[in-house]
Amino acid sequence: MPARSRLSDAQVAAVARHHFGLSAPVPDLPAGDAFEDAQGVPVAVRESDGLAVAEIPRWRSPAEVARRLAERGWSAPAAWVGRPPADATQLPARVLALLPVAGTPADSAAVSAGAAAWADVRASGREVELVLVPVTAAHPEVAWADLAAAYGGTLLGERVDPEPARTGGQVLFFTGLSGAGKSTIAGRVVELLLEAGSAVTLLDGDEVRHHLSAGLGFSQQDRDTNVRRIGWVAAQIAKHGGIAVCAPIAPYAAVRADVRREVEAQAGRGSFVLVHVATPLTECEARDRKGLYAKARRGEIPAFTGISDPYEAPTDAEVTVDTTGKDVEACARLVLDAVLAGRVQ
Ligand code: ADP
């Protein structure tokens with residue numbers, strides 16, 4: 001059997017829209033003839049005249065929802081798209097709530113917040129049928145009135161967030177050469193945050209390599225895997241409103257950008273703060289706190305960042321700090337100011 005191409009959440013949603021007749025064109029999919037979702041479940045097979053859809057595990061079909069509502073005596077119920085209105089008393093006694101969540105993981109904060117808001121409406125005595133729908137909130141692929149009609153409802157109104165909601169969580173992500181001062185500044189920033197009353201999780205570079213990333217080496221692929229793991233954990237923390245401070249070397253720009261995207265998808269725009277500890281190589285090498293530069297120069301450590309392996313300096317850092325001639329406290333305060341500036345009001 002040929003290998004199946006793996007689809008992102010957004011691509012599975014596109015297949016679902018096509019399959020349910022919500023948007024006509026065959027979606028743009030990666031190369032290959034067979035496709036699976038992120039869990040490896042077969043989703044569709046490409047055929048000469050289109051796509052044969054095997055299974056859409058996450059989404060309920062609009063026709064099925066409409067049929068069940070009709071069976072319960074809900075005929076053309078009022079449909080509301082997105083979060084409930086600020087004043088939920090304007091809603092009728094019975095509401096079909098359609099939450100557009102394409103491309104968003106099912107357990108994301110944005111989805112949870114929307115579902116919780118509808119639970120409040122239900123608790124206030126209204127009947128609410130809540131359905132997650134494979135449409136992208138920010139760029140809907142189908143008009144809201146047509147969406148409501150497909151699920152058997154009549155559009156009453158909408159309240160759609162243009163982008164993922166801020167959860168209040170933040171990821172403070174340090175990058176820089178070995179010996180630049182990432183751990184030292186991160187440690188002090190954690191103390192300052194604790195003193196200000198915030199709970200913090202520290203994912204220090206060296207420590208992570210002993211636990212979460214034990215067994216990984218320093219090839220580009222292993223470095224990327226290490227940074228992606230840190231980013232994934234940090235995004236989960238920020239998704240639930242926590243603060244994660246990470247201090248890997250993270251030498252590659254593309255992976256840092258992926259982590260930023262992942263965190264902002266989970267915790268909202270502005271939740272990712274990149275701190276470039278830009279201490280020059282000469283200064284890091286002069287410090288040589290762990291004796292690693294001397295070893296690298298002698299050729300005893302292959303692929304050492306800055307000596308025999310690349311470091312791509314960021315152009316998108318929220319804070320850049322060169323520690324040369326500065327005390328730790330001053331650097332930590334600079335970083336803290338950026339964290340506080342990025343807080344949700
Ligand atoms: P990294 O985590 O980037 O590998 P470390 O924090 O382990 O770096 O080491 C940085 C070294 O630089 C420490 O020995 C620290 O005392 C020294 N240092 C000197 N000035 C500063 C400063 N302003 N901020 C952070 N570290 C500094």
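Note that the structure is a prediction, hence the values are computed from the model and not measured. Ligands are counted one by one from 1 in listed order, and the atoms in each one are counted from 1 as well. Just so it is clear, the values below take in all heavy atoms, side chains as well, and ignore hydrogens, waters and symmetry mates.
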Trainee: Give a yes or no on whether the ring-centroid distance for Tyr311 and Tyr252 is below 6.0 angstrom.
Mentor: no
Trainee: Under a 4.0 angstrom heavy-atom cut-off, which atoms of ligand 1 come close to Lys326?
Mentor: 20 (N), 22 (C), 23 (N)
Trainee: Which residue supplies the protein heavy atom nearest to atom 4 (O) of ligand 1, what is that atom called, and how far is it?
Mentor: Gly179 N, 2.7 Å
Trainee: So is Val328 close enough to ligand 1, meaning a heavy atom under 4.0 angstrom away?
Mentor: yes
Trainee: Are any of the protein's heavy atoms under 4.0 angstrom from atom 20 (N) of ligand 1, yes or no?
Mentor: yes
Trainee: Taking 4.0 angstrom as the limit and counting only heavy atoms of Leu177, give me the atoms of ligand 1 inside it, by number and element.
Mentor: 3 (O)
Trainee: For a side-chain hydrogen bond (donor to acceptor under 3.5 Å, both in side chains) with Glu129, tell me which candidate from Arg72, Arg68, Arg122, Arg94 qualifies.
Mentor: Arg72
Trainee: Measure the distance from atom 22 (C) of ligand 1 to every protein heavy atom, then report the residue, atom name and distance (to 0.1 Å) of the closest one.
Mentor: Thr323 CB, 3.4 Å
Trainee: Out of the candidates Leu203, Leu172, Thr201, Val263, only one should pair with Cys246 under the side-chain contact (heavy atoms from CB on, under 4.5 Å) rule; please name it.
Mentor: Leu203
Trainee: Can you tell which of Ile185, Asp327, Thr324 gets a heavy atom nearest to atom 25 (C) of ligand 1?
Mentor: Ile185
Trainee: Using side-chain contact (heavy atoms from CB on, under 4.5 Å) as the criterion, point out the one residue from Leu147, Val133, Val131, Leu22 that pairs with Pro62.
Mentor: Leu22
Trainee: Determine, stepwise, if the pair Leu274 / Asp316 fulfils side-chain contact (heavy atoms from CB on, under 4.5 Å).
Mentor: CA-CA 8 Å; Leu274 184 64; Asp316 60 340; 3.3 Å; yes
Trainee: In the protein, which heavy atom is nearest to atom 7 (O) of ligand 1, and how far is it?
Mentor: Arg289 NH1, 2.8 Å
Trainee: Considering only heavy atoms, does Ile249 approach ligand 1 within less than 4.0 Å through its side chain, its backbone, both, or neither?
Mentor: neither
Trainee: My understanding is that only one of Glu283, Arg287, Lys182 makes a side-chain hydrogen bond (donor to acceptor under 3.5 Å, both in side chains) with Thr323; could you say which?
Mentor: Arg287
Trainee: Considering only the protein, which heavy-atom contact is closest to atom 12 (O) of ligand 1, and what is its distance?
Mentor: Arg287 NH1, 2.9 Å
Trainee: Which residue and non-hydrogen atom of the protein lie closest to atom 8 (O) of ligand 1, and at what distance in Å?
Mentor: Gly181 N, 3.1 Å
Trainee: Within 45 degrees of the axis of the six-membered ring of Trp232 and under 6.0 Å from its centre: does Arg229 put its NZ or CZ there?
Mentor: no
Trainee: Which ligand 1 atoms does Ser178 reach within 4.0 Å, using its non-hydrogen atoms?
Mentor: 4 (O)
Trainee: Around atom 6 (O) of ligand 1, find the nearest protein heavy atom and jot down its residue, atom name and distance.
Mentor: Thr184 OG1, 2.5 Å
Trainee: Should Cys331 be counted as touching ligand 1, given the test is an N or O pair under 3.5 Å?
Mentor: no
Trainee: Between Phe173 and Phe272, what is the ring plane arrangement, given parallel below 30°, perpendicular above 60°, and tilted in between?
Mentor: tilted
Trainee: Hey, does the Lys NZ or Arg CZ of Arg298 hover above the aromatic six-ring of Tyr293, less than 6.0 Å from the centre and inside 45° of the axis?
Mentor: no
